[in-house]
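Each chain gets a letter, A, B and so on, in the order the sequences are listed, and its residues count up from 1.
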There are 2 protein chains.
Amino acid sequence: MYTYEYPRPSVTVDIVVFGYDGGKQLKMLLIRRGSEPFKGCWALPGGFVDMEEDLEQAAFRELEEETGVKDLYLEQLFTFGKPGRDPRGRVISVAYFSLVNLQDHPAVAASDVDKAEWFALDELPPLAFDHNDIIQVATSRLNAKVRYQPIGFELLPEEFTLGQLQQLYETVLNVEGFNKRNFRTRILRTGILEEVGRQKNVAHRPAVLYRFNQETYRQLAEQRDSGVLRRALDFEI
Amino acid sequence: MYTYEYPRPSVTVDIVVFGYDGGKQLKMLLIRRGSEPFKGCWALPGGFVDMEEDLEQAAFRELEEETGVKDLYLEQLFTFGKPGRDPRGRVISVAYFSLVNLQDHPAVAASDVDKAEWFALDELPPLAFDHNDIIQVATSRLNAKVRYQPIGFELLPEEFTLGQLQQLYETVLNVEGFNKRNFRTRILRTGILEEVGRQKNVAHRPAVLYRFNQETYRQLAEQRDSGVLRRALDFEI
DNA sequence: ACAAAAGTGTTAACTCTACACCCATGT
DNA sequence: ACATGGGTGTAGAGTTAACACTTTTGT
């Protein structure tokens, strides 16, 4: 038992993971709750922060424990703390946000009774707590992020074609039929893609495979932030 | 006394308020701590979240209690939770962020022993806790925000000239000598400024006074977010 | 030969940049 | 008259948007 002079809230983390498999739908990683409250209900992976671990560490730990998903990049999203958002009492939750490709993160292990699954974004089940609000904020963030950061880095496999990248952008922005010519010109002029080969065994002209050059990206982002470059690194399509 | 089955962290809010007075420096609102730890040291305004209040409410309350500053717009910045950031034990702090004009928020009341003061950004005193880190994150956020949101809304008095707005942008972006012609064209074409009169009693051609039209801004932002407009509302100067 | 997707050339409309210049006011 | 900051015209460079076209592969 732990005793304090003033009442204290509990602190949790919740993790919103968007996954992409090359199709026309983004997916999201959810778990089925094995215990009360909301037992049997779908929810975002997450749980209580331990006293000696950093918030981000807690997010990595809970995510792996509950879904088996690991080795990803987490970004803090927002902290939800409205009184009453959790029936167990005052619970403040720091939400994290991630983008992964489903090929590299297919494993969805179950810890004990919980179950984890990828859901298409437009077929999400009813969710526990205020997790709909959290997903709403995450979706807005993704839509904003796509305009100024190269999300392909995270959502596509290591090597990809410009066609795949364009399909991804159309999926995330929920539009169709970007002009191929102009999409290519825009992406390539940023200079952050590196040719690494060609497709093999496809029933059409094999596409050039590209890889994101993280180092080039880092340098350009730094130059932009320090004001040297003004209009570089514009991911508006 | 309050007793729990598992240990719990404390949760605080800290508020980063940037102020602008028309000059070449932004200012920041700090308080002098009247109690341990870091007694006598300068720090961001902030304090413990009450059990029945929302996080944002706590930020408003602490800010007013400690500095007298109120009636401002707060935006959540980031949550800092590294173990060891506070000598009192595990303390997780949700940081908020605000922009105000100093004319409308000059009052800097002292609650009991604490003192509150505006400091020029490049003359900040040594700060308590990890408040330097928090300010660092806030400064980055401001620099990013200036590119896609009309910060003049918050940092300038209700009515202002394009000259004042340009001075503000030069201050925030830390550059000099934007081309006046092009600055004007860019700002005016967004359509979010509304003419409200002319300067009086100035020793030069009186400038047109403008006001931000919040309603127009809201509509444009909505259209952009829903994908109707693509390149509207670009605040890149 | 065909289907399928990759990839290219080109042009008219538009936007950006830079610089020079004019304007209205108080002293 | 002049200092001061407000405000405008414009041309050349650069970018965007749109469309039609060519290329390379497997079947």
Side-chain angles (χ1 to χ4, degrees), chain A residues 22-24 147 152 156-157 159-171 173 175-191 193-211 220 224 227-237, chain B residues 22-24 147 152 156-157 159-171 173 175-191 193-211 220 224 227-237:
Chain A
K24 293 200 192 304
R147 293 161 193 273
L156 290 176
E159 301 187 349
F160 53 87
T161 68
L162 288 179
Q164 291 176 291
L165 189 62
Q166 178 165 351
Q167 175 62 58
L168 166 62
Y169 271 83
E170 295 186 356
T171 298
L173 293 172
V175 291
E176 312 220 313
F178 280 167
N179 184 295
K180 187 176 37 160
R181 178 59 160 124
N182 301 340
F183 181 83
R184 278 154 187 272
T185 307
R186 270 216 172 88
I187 294 293
L188 290 178
R189 89 171 150 202
T190 64
L193 292 191
E194 196 181 344
E195 271 191 56
V196 290
R198 312 208 134 242
Q199 280 182 322
K200 296 261 160 47
N201 284 86
V202 284
H204 54 75
R205 176 172 175 175
V208 171
L209 292 169
Y210 292 92
R211 170 164 60 198
L220 286 172
R224 176 197 51 192
V228 180
L229 289 177
R230 300 240 279 96
R231 290 241 170 193
L233 277 181
D234 182 358
F235 292 95
E236 287 276 357
I237 311 297
Chain B
K24 293 199 192 306
R147 292 161 194 272
L156 289 176
E159 302 188 349
F160 54 86
T161 69
L162 288 179
Q164 290 176 292
L165 188 62
Q166 178 165 352
Q167 176 61 59
L168 166 62
Y169 272 83
E170 295 186 357
T171 298
L173 292 171
V175 292
E176 314 220 311
F178 280 166
N179 184 295
K180 186 178 37 161
R181 178 61 163 122
N182 302 340
F183 181 84
R184 280 154 186 271
T185 307
R186 270 212 172 90
I187 294 292
L188 290 178
R189 92 171 148 203
T190 64
L193 292 191
E194 195 181 346
E195 272 191 57
V196 291
R198 311 208 135 243
Q199 281 182 321
K200 295 263 160 44
N201 284 86
V202 284
H204 54 74
R205 175 173 174 176
V208 172
L209 293 169
Y210 292 91
R211 169 164 61 198
L220 286 172
R224 175 197 53 193
V228 181
L229 289 178
R230 301 240 282 96
R231 290 241 170 194
L233 277 180
D234 182 358
F235 294 94
E236 286 275 357
I237 311 297

Visitor: Roughly how many Å is it from CD in B:Gln164 to P in D:dG7, rounded to a whole number?
Guide: 11 Å
Visitor: Does the side chain of B:Thr185 come under 3.5 Å of the side chain of B:Arg181 through a donor N or O and an acceptor N or O?
Guide: yes
Visitor: Considering only D:dT24, D:dC19, C:dG26, which nucleotide approaches the side chain of B:Asn201 most closely?
Guide: C:dG26
Visitor: Starting from P on C:dG7, measure out to CG on A:Asn182 and report it in whole angstrom.
Guide: 16 Å
Visitor: Any idea how A:Tyr169 and A:Phe183 line up, ring-wise: parallel (<30°), tilted (30 to 60°), or perpendicular (>60°)?
Guide: perpendicular
Visitor: Less than 4.0 angstrom between a side-chain N/O of B:Arg184 and OP1 or OP2 of D:dG7, yes or no?
Guide: yes
Visitor: Expressed as a whole number of angstroms, how long is the span from B:Arg198:CZ to C:dC23:P?
Guide: 14 Å
Visitor: Looking at every non-hydrogen atom in both residues, tell me the closest pair between B:Glu159 and B:Leu209 and how far apart they are.
Guide: OE1-CD1, 3.8 Å
Visitor: How many whole angstroms separate atom CG of A:Leu162 from atom C1' of C:dG7?
Guide: 9 Å
Visitor: So does B:Arg189 get a side-chain nitrogen or oxygen closer than 4.0 Å to the phosphate oxygens (OP1/OP2) of C:dC16?
Guide: yes
Visitor: Examine the base of D:dG7 for any acceptor or donor lying under 3.5 Å from a partner atom in the side chain of B:Arg181, and report the outcome as yes or no.
Guide: no
Visitor: With no angle test and no hydrogens, is the base of D:dG7 tied to the side chain of B:Lys180 by a donor-acceptor pair under 3.5 Å?
Guide: yes
Visitor: Both A:Pro206 and A:Asn179 contact DNA chain D. Which one's nearest nucleotide lies toward the 5' end?
Guide: A:Asn179
Visitor: Of the options D:dG5, D:dT25, C:dG7, whose atoms approach the side-chain atoms of A:Ala207 most closely?
Guide: C:dG7
Visitor: Provide the closest heavy-atom pair for B:Glu176 versus B:Glu170 in the form atom of the first, atom of the second, distance.
Guide: CA-OE1, 3.9 Å
Visitor: Could you tell me the separation between the CZ atom of A:Arg205 and the P atom of C:dA6, rounded to a whole number of Å?
Guide: 10 Å
Visitor: Grab the CG-C1' distance between B:Leu209 and D:dG6 for me, whole Å please.
Guide: 12 Å
Visitor: Using whole Å, what does the distance between atom C1' of nucleotide D:dG14 and atom CZ of A:Arg186 come to?
Guide: 14 Å
Visitor: Would you kindly give the CD-to-P distance between A:Gln166 and C:dA4, to the nearest whole Å?
Guide: 18 Å
Visitor: Which heavy atom of A:Thr171 sits nearest a heavy atom of A:Gly23, and at what distance?
Guide: OG1-O, 3.2 Å
